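None of these values were measured; they are calculated from a predicted model. Letters A, B, ... mirror the listed sequences (proteins, then strands); counts begin at 1.
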Protein chains: 2
Amino acid sequence: MINPIGNLNKIFDSRIRLGVMSILMVNEEVSFNDLKQMLELTDGNLASHLSTLEENGFLKVHKGFVGRKTNTTYSITKAGEKAFKGHLAALENMIRSME
Amino acid sequence: MINPIGNLNKIFDSRIRLGVMSILMVNEEVSFNDLKQMLELTDGNLASHLSTLEENGFLKVHKGFVGRKTNTTYSITKAGEKAFKGHLAALENMIRSME
DNA sequence: TAAAGTACTTTGTGAATCAAAGTTACATAT
DNA sequence: ATATGTAACTTTGATTCACAAAGTACTTTA
């Protein structure tokens, strides 16, 4: 592939999905509210990006409780990890030719 | 800034603009047609992204000739270089927390 | 009982993306 | 002189995306 952008993953063109993935690479499980605060998003905006990532099999959802409050957490899947690492590698390749 | 995506530059959310910039970081001057072929784009699509980059002061245009044919080339500006490097640094920061 | 929290979904708007077609200007081939 | 070609766009139109705001269903706390 000569085209330097050909290996970038379209799902990760979105800064928000990029942010979610990078948070989930480092934290085993993160709640909806923590993601919302870390990324400074409205509920709806976060929810829609999370569902895009979920539809693509990049993350999985755990519905649980903290005390008696509902608590939804998200974690990365193997496929998500692979796709994200692939995207980062593509970014690196693109940039490596600059040095 | 705690928000890991807060320092990313919106202009570079686009893979195409990212590609243009990375090519221009490495090549002093690149023609419209070379960019078109490298990035596998239609005329219109490339032209519109180039004008976005130009409007933002990230690249400059040189209209010249090769023999008697018109030849437009593009090169990065100081501001473009700074913005692009800033974006890459923000990406790196975001990713560094993963290691 | 009222207010607030969680995690959404729905709605609506504006912006972005892109291909395709049209345009302008010059060049070359017939 | 006419037709074809190439470069570099601009315009058009359709589709998709992003996002805020409001609405929903359920529970909890004051």
Side-chain angles (χ1 to χ4, degrees), chain A residues 3-24 27 29-56 58-75 87, chain B residues 3-21 23-24 27 29-56 58-75 83 87:
Chain A
N3 183 339
I5 62 178
N7 291 315
L8 296 175
N9 189 322
K10 288 209 175 162
I11 298 297
F12 304 130
D13 279 357
S14 153
R15 68 212 280 104
I16 293 177
R17 293 193 291 267
L18 209 57
V20 169
M21 293 301 281
S22 75
I23 288 169
L24 292 181
N27 302 102
E29 253 183 308
V30 183
S31 73
F32 185 88
N33 268 315
D34 284 348
L35 286 172
K36 194 177 93 173
Q37 278 159 34
M38 285 187 232
L39 298 170
E40 298 171 23
L41 301 171
T42 57
D43 289 10
N45 195 5
L46 176 57
S48 75
H49 285 293
L50 287 173
S51 83
T52 297
L53 289 170
E54 201 196 344
E55 280 158 27
N56 280 273
F58 292 169
L59 54 80
K60 48 183 189 290
V61 185
H62 313 260
K63 281 165 189 295
F65 291 87
V66 167
R68 288 190 177 172
K69 283 188 188 171
T70 57
N71 187 62
T72 306
T73 60
Y74 299 85
S75 61
H87 181 74
Chain B
N3 182 339
I5 62 179
N7 291 315
L8 297 175
N9 189 323
K10 289 209 173 161
I11 299 296
F12 304 132
D13 280 356
S14 152
R15 68 213 280 102
I16 292 176
R17 292 193 292 266
L18 209 56
V20 168
M21 292 300 281
I23 289 168
L24 292 181
N27 303 101
E29 253 182 307
V30 183
S31 73
F32 186 88
N33 269 314
D34 285 348
L35 286 171
K36 195 176 94 172
Q37 278 159 33
M38 286 186 231
L39 297 170
E40 297 171 24
L41 301 171
T42 57
D43 289 9
N45 195 5
L46 176 56
S48 76
H49 285 292
L50 287 174
S51 85
T52 298
L53 289 170
E54 201 195 344
E55 280 158 27
N56 280 273
F58 292 171
L59 54 80
K60 50 180 185 289
V61 184
H62 313 260
K63 282 166 189 294
F65 292 87
V66 169
R68 289 193 180 168
K69 281 188 190 171
T70 58
N71 187 63
T72 306
T73 59
Y74 300 85
S75 61
H87 181 74

A.B. asks: Hey, which of these two, B:A47 or B:K36, hits DNA chain D nearer its 5' end, going by closest nucleotide?
C.D. replies: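 So the residue in question is B:K36.
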
A.B. asks: Please identify each residue that fulfils side chain to side chain contact (heavy atoms under 4.5 Å, CB included) with A:Q37, with sequence neighbours left out.
C.D. replies: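 Checked A:Q37 against side chain to side chain contact (heavy atoms under 4.5 Å, CB included); zero matches.
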
A.B. asks: Once salt bridge (charged side-chain N to carboxylate O under 4.0 Å, His left out) is applied, do any residues pair with A:D34, and if so which ones, sequence neighbours excluded?
C.D. replies: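 Partners of A:D34 by the salt bridge (charged side-chain N to carboxylate O under 4.0 Å, His left out) criterion come out as none, since no residue qualifies.
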
A.B. asks: Expressed in angstrom and rounded to an integer, what is the separation of A:N71 atom CG from D:dT27 atom P?
C.D. replies: 16 Å

A.B. asks: What residues form a ring-ring contact (aromatic ring centres under 6.0 Å, His included) with B:Y74, not counting sequence neighbours?
C.D. replies: none

A.B. asks: Begin from the C-alpha positions of A:V20 and A:L46 and carry the test side-chain contact (heavy atoms from CB on, under 4.5 Å) through to its verdict.
C.D. replies: CA-CA 9 Å; A:V20 169; A:L46 176 57; 4.3 Å; yes

A.B. asks: Calculate, to the nearest 0.5 Å, the distance between atoms CE and CD1 belonging to A:M21 and A:I16 respectively.
C.D. replies: 14.5 Å

A.B. asks: Apply side-chain contact (heavy atoms from CB on, under 4.5 Å) to the pair B:I23 and B:L39, showing each step before the final yes or no.
C.D. replies: CA-CA 10 Å; B:I23 289 168; B:L39 297 170; 3.9 Å; yes

A.B. asks: Mark up nucleotides 25-30 of chain C, 5' to 3', with B wherever a protein heavy atom is under 4.0 angstrom from a base atom, S wherever such an atom reaches only the sugar-phosphate, and - elsewhere.
C.D. replies: --S---

A.B. asks: Could you state the CZ-C1' distance from B:F12 to C:dA16, rounded to the nearest angstrom?
C.D. replies: 17 Å

A.B. asks: Would you tell me if any nitrogen or oxygen in the side chain of B:N33 comes within less than 4.0 Å of OP1 or OP2 on D:dA8?
C.D. replies: yes

A.B. asks: With sequence neighbours excluded, tell me which residues meet ring-ring contact (aromatic ring centres under 6.0 Å, His included) with B:F12.
C.D. replies: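 If we apply the ring-ring contact (aromatic ring centres under 6.0 Å, His included) test to B:F12, skipping adjacent residues, the hits are B:F58, B:F84, B:H87.
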
A.B. asks: Whole Å only: how far is the CG atom of B:L53 from the C1' atom of C:dA16?
C.D. replies: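 For the pair B:L53 CG and C:dA16 C1', the rounded distance is 14 Å.
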
A.B. asks: Has B:Y74 got a side-chain N or O lying under 4.0 Å from the OP1 or OP2 atom of D:dC9?
C.D. replies: yes

A.B. asks: To the nearest Å, give me how far apart CZ (A:F32) and P (D:dA25) are.
C.D. replies: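 Result: 18 Å.
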
A.B. asks: Return a single string for nucleotides 13-23 of chain D, one symbol per nucleotide in 5' to 3' order, where B is base contact, S is sugar-phosphate-only contact and - is none, cutoff 4.0 angstrom on heavy atoms.
C.D. replies: -----SSSB--

A.B. asks: B:L50 has an atom CG; how far is it from atom P of D:dT10, in whole Å?
C.D. replies: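 Taking CG of B:L50 and P of D:dT10, I get 10 Å after rounding.
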
A.B. asks: Go through the steps for A:V30 and A:M38 under the test side-chain contact (heavy atoms from CB on, under 4.5 Å), then give the verdict.
C.D. replies: CA-CA 10 Å; A:V30 183; A:M38 285 187 232; 3.7 Å; yes

A.B. asks: Kindly state each residue pair satisfying side-chain hydrogen bond (donor to acceptor under 3.5 Å, both in side chains) with at least one member in residues 41-53 of chain B, sequence neighbours excluded.
C.D. replies: B:R17-B:H49, B:K36-B:D43, B:N45-B:H49

A.B. asks: Under the side-chain hydrogen bond (donor to acceptor under 3.5 Å, both in side chains) test, which residues partner A:T73, sequence neighbours left out?
C.D. replies: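 Scan of A:T73 (side-chain hydrogen bond (donor to acceptor under 3.5 Å, both in side chains), adjacent residues dropped) gives A:E29.
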
A.B. asks: Tell me: NE2 of B:H62 to P of D:dC9, nearest whole Å?
C.D. replies: 12 Å

A.B. asks: What's the angle between the local helix axes at either end of the helix from C:dT1-D:dA30 to C:dT30-D:dA1, using five pairs per end and rounding to 10 degrees?
C.D. replies: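 Comparing the axis at each end, I get an angle of 10°.
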
A.B. asks: Once side-chain hydrogen bond (donor to acceptor under 3.5 Å, both in side chains) is applied, do any residues pair with A:D13, and if so which ones, sequence neighbours excluded?
C.D. replies: B:R15

